[in-house]
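Some notes on the structure that comes next.
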Amino acid sequence: MKVAILDDYQNVALRSADWAPVARRAEITVFNDHLADPDQVVARLAPFDVVFVMRERTSLPRDVLQRLPRLRMIASNGVANAAIDMAAAEQQGIEVSGSGGTAAGTVELTWALILAAARNLVAENASVRAGGWQRSVGHELSGRVLGVLGLGRIGSRVARIGAAFGMEVIAWSQNLSAEAADAAGARLVDRRSLFGDSDVLSIHLKLSDRSRALVGADELAQMKSTAWLVNTSRGPIVDEPALVAALRSGRLGGAALDVFDTEPLPADHPLRTLDNVLATPHIGYVTDRQYGIFFADAVAAISAWLDRNSGGDG
């Protein structure tokens, strides 16, 4: 049996959990680079029986799965992975497993981005390292308006922290009730008010047909010219070309982004170089505790599959 671990960017998969139950019965190969071209993905995965994929990294659509006759099991992090064609996997008899996880890392990164943007931490740190001193005047968050787009398990925690900082917290999403907003320490507003009144607007929605490009040119135009857009959810929720245009023109104060339409972000992408962008490489869930859960659950799922399909040795 052969097992592939894909997109292990930091080369930590084998250190994040005890893979011995799998290594005793299968050959494990770890790939640290990312392949986006479907033909290259197929060529790489052709020899493998089992593949572990990180959610939103390598896609496994129908046309890829159909060209992988040896593949019998996919382990993924998270409860669901939209990058895997589940119907195609089922039709080909490919077992798919998920994992547990926590929301803490994304909540904490959201606030790291908000605070870093408000106090110009990257520029100030660079100034100190270069022998300089104070370069900018920061913005206090207390008394300002935090808008939360999507008030689920992550958004509600972000909202409560905003209230703790003394911010006025407002929220909107398509099915949000006033009672649910109140329970998270937020006030339900209409969609236009959310964009128009927020000094910081943080996105916490699942990506779906309904949320794709939900934040477009019209919504960005409604925002204050001093406002910051924060996205630690999914890149395609925001119309990326419209966001770049708003940032370049100064119609929007800035953006703090952990997610993008294409990941890894292309080397020549303008979001890498705009002065009013704070960007991180989709690290919201990249934490020691989270990785420990992801990979331990993957080991358990792959071991169980090996027990059923190779005689197993416990």
Side-chain angles (χ1 to χ4, degrees), residues 4-9 13 31 34-38 40-42 44-45 48 50-68 71-103 105-107 109-110 149-155 173-175 202-216 230-240 243 257-266 280-287 290-291 293-295 297-298 301-302:
I5 299 173
L6 299 187
D7 298 310
D8 183 12
Y9 297 149
F31 296 98
H34 173 74
L35 296 180
D37 179 79
Q40 293 180 338
V41 173
V42 169
R44 170 166 288 181
L45 298 186
F48 293 97
V50 178
V51 172
F52 174 82
V53 292
M54 274 288 189
R55 192 168 61 182
E56 275 83 48
R57 294 186 184 176
T58 295
S59 294
L60 296 176
R62 179 179 294 273
D63 66 316
V64 168
L65 294 177
Q66 287 178 336
R67 290 187 283 165
L68 295 172
L71 182 61
R72 308 314 306 158
M73 196 261 183
I74 302 169
S76 173
N77 65 303
V79 176
N81 187 340
I84 301 171
D85 188 323
M86 297 297 293
E90 183 178 5
Q91 289 169 7
Q92 291 180 221
I94 301 172
E95 182 176 323
V96 180
S97 73
S99 77
T102 75
T106 301
V107 174
L109 182 71
T110 298
L149 178 57
L151 209 57
R153 68 189 185 104
I154 293 176
S173 63
Q174 289 162 318
N175 296 316
S202 192
I203 298 172
H204 301 286
L205 296 172
K206 292 181 179 179
L207 180 61
S208 66
D209 290 341
R210 191 167 61 172
S211 66
R212 189 177 298 274
L214 181 65
V215 182
V230 182
N231 190 4
T232 57
S233 184
R234 294 294 179 269
I237 294 171
V238 181
D239 182 331
E240 199 167 88
L243 176 61
L257 309 169
D258 188 48
V259 290
F260 309 91
D261 282 1
T262 301
E263 297 180 2
L265 191 64
T280 51
H282 203 156
I283 57 172
Y285 65 90
V286 181
T287 67
Q290 189 85 289
Y291 268 32
I293 295 170
F294 288 167
F295 289 113
D297 286 357
I302 295 170

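- Of the possible donor and acceptor atoms, none in the side chain of Gln40 sits under 3.5 Å from a partner among the backbone N and O of Leu35.
- Under a 3.5 Å cut-off, the side chain of Gln290 and the backbone N or O of Gly105 do not form any donor-acceptor pair.
- Formation of a donor-acceptor pair under 3.5 Å by the Arg57 side chain with backbone atoms of Val53 is not found in this model.
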Quiz prompt | Worked verdict on Val64 versus Asp85 for side-chain contact (heavy atoms from CB on, under 4.5 Å) | solution = CA-CA 9 Å; Val64 168; Asp85 188 323; over 6 Å; no

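- Side-chain N or O atoms of Asn77 include one that pairs as donor or acceptor with a backbone N or O of Arg55 at under 3.5 Å.
- A donor-acceptor pair under 3.5 Å is formed between the side chain of Ser211 and the backbone N or O of Ser208.
- Residues meeting the side-chain contact (heavy atoms from CB on, under 4.5 Å) test with Ala4, sequence neighbours left out: Leu6, Phe31, Leu45, Phe48, Val51.
- The shortest distance between side-chain heavy atoms of Met54 and Tyr9 does not fall below 4.5 Å.
- Here Ile302 contributes atom CD1 and Ser97 contributes atom OG; the two are 7.0 Å apart, rounded to the nearest 0.5 Å.
- Atom CZ of residue Phe260 and atom CG of residue Leu243 lie 10.0 Å apart, to the nearest 0.5 angstrom.
- Shown here are the side-chain hydrogen bond (donor to acceptor under 3.5 Å, both in side chains) partners of Asp7, two or more places apart in sequence or in another chain: His34, Thr58.
- Annotation: salt bridge (Lys or Arg N to Asp or Glu O under 4.0 Å) contacts of Arg212 (sequence neighbours excluded): none.
- To the nearest 0.5 Å, atom CZ of residue Arg210 and atom CD1 of residue Ile237 are 11.5 Å apart.
- In this structure, Ala103 and Arg153 approach most closely via the heavy-atom pair CB-NH1, 3.4 Å.
- Under the 3.5 Å distance criterion, the side-chain polar atoms of Gln92 are matched with a main-chain donor or acceptor of Leu65.
- Under the side-chain contact (heavy atoms from CB on, under 4.5 Å) criterion, Ser173 pairs with Leu176, Leu205, sequence neighbours left out.
- Not a single donor-acceptor pair under 3.5 Å links the side chain of Asn81 to the backbone N or O of Ser76.
- Residues meeting the side-chain hydrogen bond (donor to acceptor under 3.5 Å, both in side chains) test with Gln91, sequence neighbours left out: Arg62.
- With sequence neighbours left out, the salt bridge (Lys or Arg N to Asp or Glu O under 4.0 Å) criterion links Arg234 to Glu56.
- Here the OG1 atom belonging to Thr280 is positioned 3.5 Å from the CG atom belonging to Asp258, to the nearest 0.5 angstrom.
- Atom CD1 of Ile283 and atom CG of Leu109 lie 5.0 Å apart (nearest 0.5 Å).
- Every residue was checked against the side-chain hydrogen bond (donor to acceptor under 3.5 Å, both in side chains) condition with Arg72, not counting sequence neighbours, and none meets it.
- Side-chain contact, Thr106 with Thr232: no donor N or O sits under 3.5 Å from an acceptor N or O.
- For the pair Asp239 (side chain) and Val215 (backbone), a donor-acceptor distance under 3.5 Å is absent.
- Under the side-chain hydrogen bond (donor to acceptor under 3.5 Å, both in side chains) criterion, Glu263 pairs with His282, sequence neighbours left out.
- Partners of Glu95 under the side-chain contact (heavy atoms from CB on, under 4.5 Å) rule, at least two apart in sequence or in another chain, are Met73, Trp305, Arg308.
- Taking the side-chain contact (heavy atoms from CB on, under 4.5 Å) definition, one finds that Ala13 meets it with Ile5, Asp8, Phe295, sequence neighbours left out.
- A 6.0 Å sphere centred on CD of Glu90 holds no more than 12 heavy atoms belonging to other residues, nucleotides or ligands.
- To the nearest 0.5 angstrom, Ser99 atom OG is 6.5 Å from Phe52 atom CZ.
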